[in-house]
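The structure presented is a predicted model; accordingly, all values stated were derived computationally and were not measured. A note on names: the letters A, B, ... follow the listed sequences, proteins ahead of strands, and every chain is numbered from 1.
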2 protein chains.
Amino acid sequence: MDQLMDILKRNQLSVTEGRRKILELFLKSDGALAHADVEKKIDAGFDRVTVYRTLQTFVEKGIIHNIPTTDNSILYALCKDNCEAGHHHDNHVHFICDVCDKTICLEHVAIPEVKLPKGYQQRQADLVISGVCDDCR
Amino acid sequence: MDQLMDILKRNQLSVTEGRRKILELFLKSDGALAHADVEKKIDAGFDRVTVYRTLQTFVEKGIIHNIPTTDNSILYALCKDNCEAGHHHDNHVHFICDVCDKTICLEHVAIPEVKLPKGYQQRQADLVISGVCDDCR
DNA sequence: TTATTTTTTGCAACAATATTGCATTTTCGT
DNA sequence: ACGAAAATGCAATATTGTTGCAAAAAATAA
């Protein structure tokens with residue numbers, strides 16, 4: 001299980017217990033995670049600040065990316081292709097259930113091209129679909 | 001200018017100065033507004049709590065809706081068609097500029113249908129495109 | 001390995017944002 | 001105008017995110 005270390009090394013990050021644990025959490029959880037989720041699901045007692053900084057670092061390095069939400073929370077999800085820092089062309093489609101609040105990533109769905117007004121340059125596109133998931137019907 | 005009163009009445013809301021002012025603000029500003037924007041742009045000194053509650057009420061009534069963002073802020077925008085409370089089929093496309101942070105609503109762009117997994121029911125779809133706007137190039 | 005440098009962490013304090021209860025005020029229907 | 005219902009303001013509280021700095025851990029060099 002050196003996948004964790006690989007990812008961290010590749011991104012020139014020191015390998016620490018906190019980073020390993022958080023990264024591991026993302027690797028084994030299919031959905032997206034909010035800051036609060038990360039804090040809860042990690043048994044070890046890491047400081048809130050550490051979690052904030054770790055997530056921030058991961059985003060900067062392009063290990064994870066954040067997903068738009070309509071409530072004021074930030075959801076983070078793993079970048080499957082571990083894209084280069086700075087330019088993530090992750091065109092993700094996410095489904096948020098109104099009932100159970102779970103967010104899942106629809107990986108196989110592609111976002112069609114959208115024609116933007118003149119002069120607008122697209123970097124990233126996120127499609128967020130909300131409704132009721134299969135479990136909550 | 002009884003458009004304001006009309007909207008409020010239609011949604012069974014008492015007509016108060018705060019609600020009129022806030023609704024007016026949305027009507028005359030083309031883009032989306034955050035809570036902070038609303039507070040700033042209203043000259044009258046309304047309590048923060050009132051603004052929170054008003055925005056919440058407007059969302060519940062379907063007068064405004066909120067736009068997904070990747071930072072942890074909530075953006076509100078007017079529902080053009082003043083849809084029924086509860087079911088807003090507002091499939092909005094929004095563009096967020098990475099530089100100036102402005103959010104604009106691309107009204108003429110439609111979100112194509114997306115095939116969801118079995119049992120999933122779509123209520124709303126939001127496409128958020130980020131990049132650089134024409135002004136910031 | 002040990003010593004030195006660099007990075008990360010935890011703590012504490014702080015700042016910003018959002019929520020709740022309750023008394024007062026305003027609006028609405030009669 | 002009057003009484004009932006709804007909205008507001010205030011204070012207190014909760015939640016969430018940030019910053020500075022000293023201690024601890026990890027990386028680098030010898």
### Query
Going hydrophobic residue to hydrophobic residue with side-chain gaps under 4.5 angstrom, can you get from B:Ile74 over to B:Phe26?
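Result: yes, single cluster for both.
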### Query
Can you hop from B:Phe95 to A:Val114 via hydrophobic side chains spaced under 4.5 Å?
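Yes, B:Phe95 connects to A:Val114 through the hydrophobic network.
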Please check this pair: side chain of [X] against backbone of [Y], looking for a donor-acceptor N/O pair closer than 3.5 Å.
X        : Y        : answer
B:Thr50  : B:Phe46  : no
A:Asp47  : A:Val49  : yes
A:Asp6   : A:Gln3   : no
A:Arg137 : A:Val132 : no

### Distance test, side-chain N/O of A:Thr50 to OP1/OP2 of C:dT9, below 4.0 Å
no
Protein N or O to nucleotides 23-30 of chain C N or O, pairs below 3.5 Å:
| unit_1 | atom_1 | unit_2 | atom_2 | d |
| --- | --- | --- | --- | --- |
| C:dC28 | OP1 | B:Val15 | N | 2.8 |

Nearest-Å distance for atom pair [atom1]/[atom2], residues [X] and [N]:
X       : N      : atom1 : atom2 : value
A:Leu8  : D:dA25 : CG    : P     : 18 Å
A:Gln12 : C:dT8  : CD    : P     : 11 Å
B:Lys61 : D:dA6  : NZ    : C1'   : 12 Å
B:Glu39 : D:dG9  : CD    : C1'   : 13 Å
A:Asp47 : D:dA25 : CG    : P     : 15 Å
A:Leu23 : C:dT8  : CG    : P     : 15 Å

### Summary
Per-nt protein contacts along nucleotides 14-24 of chain D (heavy atom under 4.0 Å; B base, S backbone sugar-phosphate only, - none) come out as --BBBBB----
### Query
Where do B:Tyr120 and A:Cys133 come nearest, in terms of heavy atoms and distance?
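Nearest heavy atoms, B:Tyr120 then A:Cys133: CE2-CB, 3.6 Å.
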#### Entry: Least distance between heavy atoms, A:Ala125 atom then A:Ile111 atom
O-CD1, 3.6 Å
### Aromatic plane relationship, A:His65 with A:His94 - under 30° parallel, 30 to 60° tilted, over 60° perpendicular
tilted
### Query
With a 4.0 Å cut-off, would you call A:Glu17 and A:Lys21 a salt bridge?
yes
### Task
Measure the angle between the two terminal helix axes of the helix from C:dT1-D:dA30 to C:dT30-D:dA1, five base pairs each, and quote it to 10°.
40°
### Task
Could you check A:Leu55, A:Ile67, A:Ile63 and say which one makes a side chain to side chain contact (heavy atoms under 4.5 Å, CB included) with A:Tyr76?
A:Leu55
